[in-house]
Each structure stands twice: as structure tokens, then as C-alpha cells.
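Each remark here refers to the structure printed beneath this line.
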Amino acid sequence: MRYNAIVSLISKKLADEIVSESEMLSYMDAVIDDINTELNASFPTFSEFKEQNSDISGTLLDYTALPDKYIRTVVIPGAAFKFYTTDEEGSYAAPKYEEEYRQGLFYMLRDYSLQVPAEYQASNQGYITL
């Protein structure tokens, strides 16, 4: 999905809040960290992906590590939720986005965990060998 489309969709969820791109990037990265934990994966954060896949001006054009479906259902509401939990005036909106985010994360774990591309599978598989 186009990076500027992702930022635009998150901005719509934040209504009248003005959030800098660098601040929004930190919320988006936090969502990717949550996804990696849930799926035992190693998807690059938006910051990491931006370093490797930007045009000459440093603008990330597309984030292709995750399917668009999960960007829409997990990343976008997750970034809005993470923003509102840090904003004292946003406490009224946080529960709505938290529910949407948790539900999207659940469906992603259920439907996508066995389809994670090999390049994004974590090297540790979450078990201990003796």
C-alpha cells in the first residue's frame, strides 16, 4: 500500500489532531512490533523499511511487507489506538480503536500466521531445546 495513503487513513481516524509524520511513524512502528510478537515474525518496521526502500528524496513509496488487508485492519486502527492512549484528551476514542485493533490482530494471527513469507519468519521459533 502507498505510504502516503496509510498516513492519510490514520490521519482520518485521528480527526482534527495534528500529528507530525515522525510521531506517527513511531506509532506505526509500535504496531509492527506487536504484529511481530503475535506472529513470531520479523516484519520490518516502517522506519526500517523506509531506510531501505525510499526514493531519492527519502520518501517511502510503498510498504509491501504486509498485505494491504492487514494494513487496513491492524496497522491503521492500531496506530490510532496507540496515539489516543498517549493523548490525555483522546481517552474517549481509545476503547473503540483498541477493540478494532485487537480484533484485527486476532484475525491476522488466525488467518495469516501460516502464510508469513519465509523472509519475515523469525529465526527463533519460541521454544527451548535441551
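Only a predicted model underlies this, so the values are computations on that prediction, with no experimental measurement involved.
The 12-atom threshold is exceeded at CD of E23, counting heavy atoms of other residues, nucleotides or ligands nearer than 6.0 Å.
Cluster partners of F106, using a side-chain heavy-atom cutoff of under 4.5 Å among ILVMFWY residues and allowing indirect links, are Y107.
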Subject >> I10/M24 under side-chain contact (heavy atoms from CB on, under 4.5 Å): CA gap, chis, key distance, verdict >> reply: CA-CA 8 Å; I10 294 169; M24 192 177 297; 3.8 Å; yes

Subject >> Worked verdict on D34 versus K82 for side-chain contact (heavy atoms from CB on, under 4.5 Å) >> reply: CA-CA 11 Å; D34 290 350; K82 290 186 179 294; 2.9 Å; yes

Original post:
Going through the distances and angles, do R102 and F81 end up as a side-chain contact (heavy atoms from CB on, under 4.5 Å)?
Top reply: CA-CA 10 Å; R102 299 287 178 214; F81 166 66; 4.0 Å; yes

**OP:** Check the pair T45 / E48 against side-chain contact (heavy atoms from CB on, under 4.5 Å), numbers first and verdict last.
**Re:** CA-CA 5 Å; T45 63; E48 295 167 341; 3.2 Å; yes

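In plain terms, the two heavy atoms of P77 and V74 that are nearest each other are CD-O, 3.6 Å. Of all non-hydrogen atoms in N40 and A122, the two that sit nearest each other are O-CB, 3.1 Å. Listed here is the closest heavy atom pair of M28 and A79: CG-CB, 4.1 Å.
Side-chain contact between L39 and M108: present, with at least one pair of heavy atoms (C-beta onward) separated by less than 4.5 Å. The closest side-chain heavy-atom distance from P44 to Y120 is below 4.5 Å. Using a 4.5 Å heavy-atom cutoff, the side chains of Y70 and L105 are not in contact. When side chains are defined from C-beta on, L66 counts as touching I32, because their heavy atoms get closer than 4.5 Å. For the pair I35/V75, a side-chain contact is recorded, criterion being any heavy-atom separation below 4.5 Å from C-beta on. Residues D29 and L25 have side chains in contact (heavy-atom distance under 4.5 Å, counting atoms from C-beta outward).
Distance alone, capped at 3.5 Å, is enough to place a donor-acceptor pair between the D68 side chain and the M1 backbone. Put simply, the side chain of S8 never gets that close to the backbone of N4: no donor and acceptor are under 3.5 Å apart.
Note on ring orientation: taking the six-membered ring where Trp is involved, the planes of Y112 and F43 are parallel (angle under 30°, cut-offs 30° and 60°).
In summary, the aromatic rings of F49 and Y63 are positioned with their centroids under 6.0 Å apart.
Exactly one of Y101, F83, Y97, F46 qualifies for a ring pair (Phe, Tyr, Trp, His ring centres under 6.0 Å) with Y27. That residue is F83.
A salt bridge links E100 with K13: the distance from a Lys NZ or Arg NE/NH1/NH2 to an Asp or Glu carboxylate oxygen falls below 4.0 Å.
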